[in-house]
Colleague: 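My questions will all concern the structure given below.
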2 protein chains.
Amino acid sequence: MVPGTRMTLVLTSVLLLILEVQCLDNGLARTPPMGWLTWTRFLCNVDIINDYDNAITGELLMQMADRMVYDGYKDAGYEYVIVDDCWSYFSRDSAGKLFPHPHRFPRGMKYVADYVHSKGLKFGIYADVGTQTCDGYAGSLGNYSVDAQTFADWGVDYVKVDGCNVDPAKMDKLYPEFGEAILATGRPMVYSCEWPLYQLSVGIEPNYTRIAATCNLWRNYADITYAWNQIYSTVEFQARHQDILTKVSGPGAWTDPDMVVIGNYGLDVALQRTHMAYWAIMASPLLMSNDLRHISEESKAILLNKHVIAVNQDKLGIMGKRISKVKGVDMWSRWIGPRLPNGKASMAVVVHNSNLQGSPMKTVIFISDLGLDNPRGYVLSDLFNNNATIGLFYPGMNLTVAVPPMDVLMFKATITDR
Amino acid sequence: MVPGTRMTLVLTSVLLLILEVQCLDNGLARTPPMGWLTWTRFLCNVDIINDYDNAITGELLMQMADRMVYDGYKDAGYEYVIVDDCWSYFSRDSAGKLFPHPHRFPRGMKYVADYVHSKGLKFGIYADVGTQTCDGYAGSLGNYSVDAQTFADWGVDYVKVDGCNVDPAKMDKLYPEFGEAILATGRPMVYSCEWPLYQLSVGIEPNYTRIAATCNLWRNYADITYAWNQIYSTVEFQARHQDILTKVSGPGAWTDPDMVVIGNYGLDVALQRTHMAYWAIMASPLLMSNDLRHISEESKAILLNKHVIAVNQDKLGIMGKRISKVKGVDMWSRWIGPRLPNGKASMAVVVHNSNLQGSPMKTVIFISDLGLDNPRGYVLSDLFNNNATIGLFYPGMNLTVAVPPMDVLMFKATITDR
């Protein structure tokens with residue numbers, strides 16, 4: 001077939017070799033971190049009088065740890081339980097240390113971390129490089145070492161560092177400093193940064209090479225919400241910047257499009273599926289923010305889909321790319337294992353109908369246009385249909401699919417050598 | 001209680017008297033039209049080779065008419081079956097008349113209209129005041145009388161007239177002309193206009209008094225989609241212009257925020273409920289655009305909710321207003337029947353949590369702040385919970401509700417006189 005006579009696809013080069021940049025050498029986050037985080041679902045709710053169940057408390061975190069174990073999230077790979085902003089007291093203690101609000105964390109933070117560890121999970125916490133957190137609690141500026149040590153003393157495994165209340169131009173100095181302080185404690189702690197987000201917001205071009213060498217993950221775009229247009233804007237942003245982001249993302253260093261809000265409000269099952277598909281193909285951290293105590297079976301099934309999680313957690317660690325957008329149909333691909341000795345690999349593909357009106361969109365996908373050129377072919381399987389086999393496809397073949405508006409098809413093309 | 005010491009509500013005056021404007025005197029649309037329309041779900045799909053089931057054909061319209069009867073939509077009040085753009089041939093016939101595309105309407109349009117009528121339903125069609133329709137089919141400019149007569153000859157009961165391909169400044173002349181042509185046929189046909197939409201798009205302030213005296217309904221804002229942010233933008237637009245719109249809307253003349261897309265894609269059950277609640281409280285036409293052949297039970301239940309439809313179809317015909325927006329919680333009210341001999345009426349209330357993050361929002365609603373001052377009180381009932389009684393409330397009382405993000409509570413306050 002003659003290229004150019006049909007749907008134009010931008011071919012991705014088979015970049016299966018070594019990442020071009022030096023990543024943070026703390027040995028952590030070799031695959032995108034998975035876990036649970038308070039923010040989008042519980043925000044800065046501190047009202048334990050009128051809304052105890054939804055307030056940021058030690059009990060909330062421990063309840064979520066329980067659910068992660070009992071309901072299978074831990075077995076599926078989710079391991080971090082992370083508290084976001086509003087856990088601390090407004091000021092430091094007499095020794096200059098951060099401490100949690102005593103009404104909401106009556107037994108302190110180490111107790112919570114120990115509890116989380118007792119469940120076989122890991123514990124994460126939030127800080128800010130500036131003078132105050134985004135919600136006005138004590139910031140870490142000038143106290144990076146003492147705060148990193150406090151976190152290490154409590155048994156923290158993951159530190160999310162926000163960037164409110166400081167000049168973004170200074171972040172090229174401050175984020176590495178906080179990172180050094182974390183490394184200096186000797187305790188392995190994942191380092192999550194919001195560095196490029198704040199720099200982009202004031203027009204500074206982020207130095208992603210430096211960021212990827214400093215942080216295990218970094219936020220680029222506005223906070224996620226339950227609104228699909230906002231989630232899709234996030235995806236669009238990563239797609240527009242994919243040439244740089246795919247270069248710097250990989251084992252130990254991940255582009256973070258923010259939390260996974262599956263199981264909350266506003267997204268129908270198809271949109272939740274689409275959200276999960278994108279986070280998997282983009283090799284994004286899978287940090288849920290939802291109420292695991294109250295979640296539908298459909299949402300749970302999406303969050304626990306082992307085939308999609310396997311794509312997200314693929315050991316090659318190659319962030320996917322959008323390879324085409326034709327008539328509103330977005331096509332993404334990501335090289336994944338298994339890989340043959342000759343270097344040819346398998347692939348995950350997301351076909352998303354981003355149209356907001358109309359009927360299911362029929363799309364013809366030419367196997368060779370995806371860059372799949374193994375003469376012995378690929379077994380295609382439908383990842384949201386229990387990995388059911390679609391068929392054996394050779395490079396000369398094509399697949400016609402009909403994807404409803406706002407929905408997604410995600411398949412894996414597993415390379416064959418027989 | 002002292003007003004102003006709590007949540008500030010803008011009280012609506014009890015406008016239960018006569019509308020201030022003269023409405024189109026064709027005796028039609030005394031309540032907001034209800035029915036089904038092709039556009040948002042089927043758009044301009046003319047591909048009967050590859051996508052027959054989703055193409056604009058006579059068969060599609062007849063199938064929908066069947067479903068409207070068999071599945072209870074007709075009994076619930078939905079009566080119009082309307083074809084939007086792309087039904088016609090590109091040009092007129094040798095006699096200068098419009099005619100449907102013969103491949104897709106092989107037995108002509110009168111056959112389809114007759115079939116719809118045989119089911120006890122009414123038939124609607126689409127035209128354009130300009131030289132061409134929005135999708136490039138034959139427009140009606142210069143042919144209003146002949147086209148109106150063609151529609152009358154076919155047995156059309158409802159004409160939607162779009163405004164593509166003509167100068168919006170001329171619409172103040174053209175829409176009344178087309179309306180006169182429709183009246184001149186002697187056949188009662190609802191007249192739906194997009195007049196203000198096109199004028200607003202070029203910065204012309206619409207003359208709503210004139211519009212309401214000419215059209216049975218008028219579109220103000222961009223085409224609806226399956227995306228919640230777009231639907232809510234439409235609602236916000238009507239709220240911002242509610243002072244003028246509530247003055248001109250009423251029996252025979254309705255503000256049209258576009259179709260109801262419940263039962264399609266992208267909206268979870270709560271958002272579909274919210275969509276329905278807003279269309280009811282705004283006294284908006286309930287013109288579904290969906291595939292009644294494939295629809296979930298949940299969506300169907302929302303579309304057939306007789307309690308909510310009763311609000312939409314309330315005989316007083318008073319368009320609701322947004323009375324407050326506090327912490328992202330939008331409160332709307334609409335005076336409805338029953339009404340006591342002393343003039344005091346009942347009320348429908350929508351409480352919508354428009355926040356896109358976080359937990360359910362607790363809100364205290366003071367009965368007297370709603371303008372409900374009947375000393376014998378009101379029976380509050382939950383319209384999306386089978387009209388279940390919430391309780392008997394007097395003006396001095398209040399009601400605390402917790403509405404999840406993006407969801408809605410809709411209740412009726414039925415006035416009591418015992």
Side-chain angles (χ1 to χ4, degrees), chain A residues 38-45 47 49-56 60 222-233 258-259 261 263-272 274 289-291 294 296 298-299 353-362 364 400 402-408, chain B residues 38-45 47 49-56 60 222-233 258-259 261 263-272 274 289-291 294 296 298-299 353-362 364 400 402-408:
Chain A
T38 50
W39 186 256
T40 311
R41 179 59 174 77
F42 296 100
L43 301 174
C44 187
N45 187 346
D47 185 358
I49 306 298
N50 298 304
D51 202 16
Y52 184 82
D53 281 352
N54 292 310
I56 305 300
L60 181 77
D223 283 12
I224 208 90
T225 71
Y226 307 147
W228 176 250
N229 65 306
Q230 208 280 328
I231 297 173
Y232 185 63
S233 292
D258 210 4
M259 288 159 268
V261 294
N264 292 305
Y265 307 102
L267 302 176
D268 76 343
V269 172
L271 287 178
Q272 294 182 50
T274 305
S289 187
N290 50 20
D291 188 345
H294 306 287
S296 73
E298 293 92 337
S299 297
N353 180 353
S354 70
N355 292 294
L356 306 175
Q357 295 184 313
S359 305
M361 180 75 85
K362 284 192 181 164
V364 182
T400 300
V403 182
M406 311 172 82
D407 206 346
V408 77
Chain B
T38 51
W39 187 256
T40 311
R41 180 59 174 77
F42 296 98
L43 301 174
C44 188
N45 186 345
D47 185 359
I49 306 298
N50 298 304
D51 202 16
Y52 184 82
D53 281 352
N54 291 310
I56 305 299
L60 180 76
D223 283 11
I224 208 92
T225 71
Y226 306 146
W228 175 250
N229 65 305
Q230 208 281 327
I231 298 173
Y232 185 62
S233 291
D258 210 2
M259 287 159 270
V261 294
N264 293 305
Y265 307 103
L267 302 176
D268 76 343
V269 172
L271 287 178
Q272 295 182 48
T274 304
S289 187
N290 50 20
D291 189 345
H294 306 285
S296 74
E298 293 92 336
S299 296
N353 180 353
S354 70
N355 292 293
L356 305 175
Q357 295 183 313
S359 306
M361 180 74 85
K362 284 191 184 165
V364 182
T400 300
V403 183
M406 310 173 83
D407 206 346
V408 77

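Quick note on labels: first sequence line is chain A, next is B, and so on, each numbered from 1.
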Colleague: Between atom CG of A/Asn264 and atom CE of B/Met406, what is the distance when rounded to the nearest 0.5 Å?
Modeller: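 Result: 10.5 Å between the selected atoms.
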
Colleague: Is it the backbone or the side chain of B/Leu271 that comes under 4.5 Å from a heavy atom of chain A, or both, or neither?
Modeller: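 It is the side chain, since no backbone atom gets that close.
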
Colleague: Please look at B/Ala227 and chain A and tell me whether the side chain, the backbone, both or neither of the residue comes under 4.5 angstrom of a heavy atom of that chain.
Modeller: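 Contact with chain A involves both backbone and side-chain atoms of B/Ala227.
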
Colleague: I'd like to know which of B/Asp51, B/Thr225, B/Thr274, B/Val269 tops the heavy-atom pair count under 4.5 Å against chain A.
Modeller: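 Looking at each of B/Asp51, B/Thr225, B/Thr274, B/Val269 in turn, B/Thr225 comes out on top.
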
Colleague: What part of B/Leu356 lies closer than 4.5 angstrom to a heavy atom of chain A: side chain, backbone, both or neither?
Modeller: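 Both backbone and side chain.
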
Colleague: May I ask you to name which of B/Thr40, B/Ile224, B/Asn45 has the most heavy-atom pairs under 4.5 Å with chain A?
Modeller: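 With the most close heavy-atom pairs to chain A, the winner is B/Thr40.
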
Colleague: Among all residues two or more places apart in sequence or in another chain, which pass the salt bridge (Lys or Arg N to Asp or Glu O under 4.0 Å) test with B/Asp258?
Modeller: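 Result, salt bridge (Lys or Arg N to Asp or Glu O under 4.0 Å) vs B/Asp258: B/Arg219.
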
Colleague: If you measure from CG on B/Asp53 to OG on A/Ser359, what distance do you get to the nearest 0.5 Å?
Modeller: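 Taking CG in B/Asp53 and OG in A/Ser359, the distance rounds to 9.5 Å.
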
Colleague: As an exercise, state the distance from CH2 of B/Trp228 to CG of A/Asn229, rounded to the nearest 0.5 Å.
Modeller: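 Interatomic distance, B/Trp228 CH2 to A/Asn229 CG, rounded to 0.5 Å: 12.0 Å.
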
Colleague: Can you name the nearest heavy-atom pair linking A/Lys362 to B/Asn50, along with the distance?
Modeller: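 Between these two residues, the closest heavy atoms are NZ-O, 2.7 Å.
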
Colleague: Do side-chain atoms of B/Tyr226 reach the backbone of A/Gly358 as a donor and acceptor pair under 3.5 angstrom?
Modeller: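 A pair under 3.5 Å: yes.
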
Colleague: Between atom CD of A/Glu298 and atom CG of B/Asp268, what is the distance when rounded to the nearest 0.5 Å?
Modeller: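 Taking CD in A/Glu298 and CG in B/Asp268, the distance rounds to 11.0 Å.
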
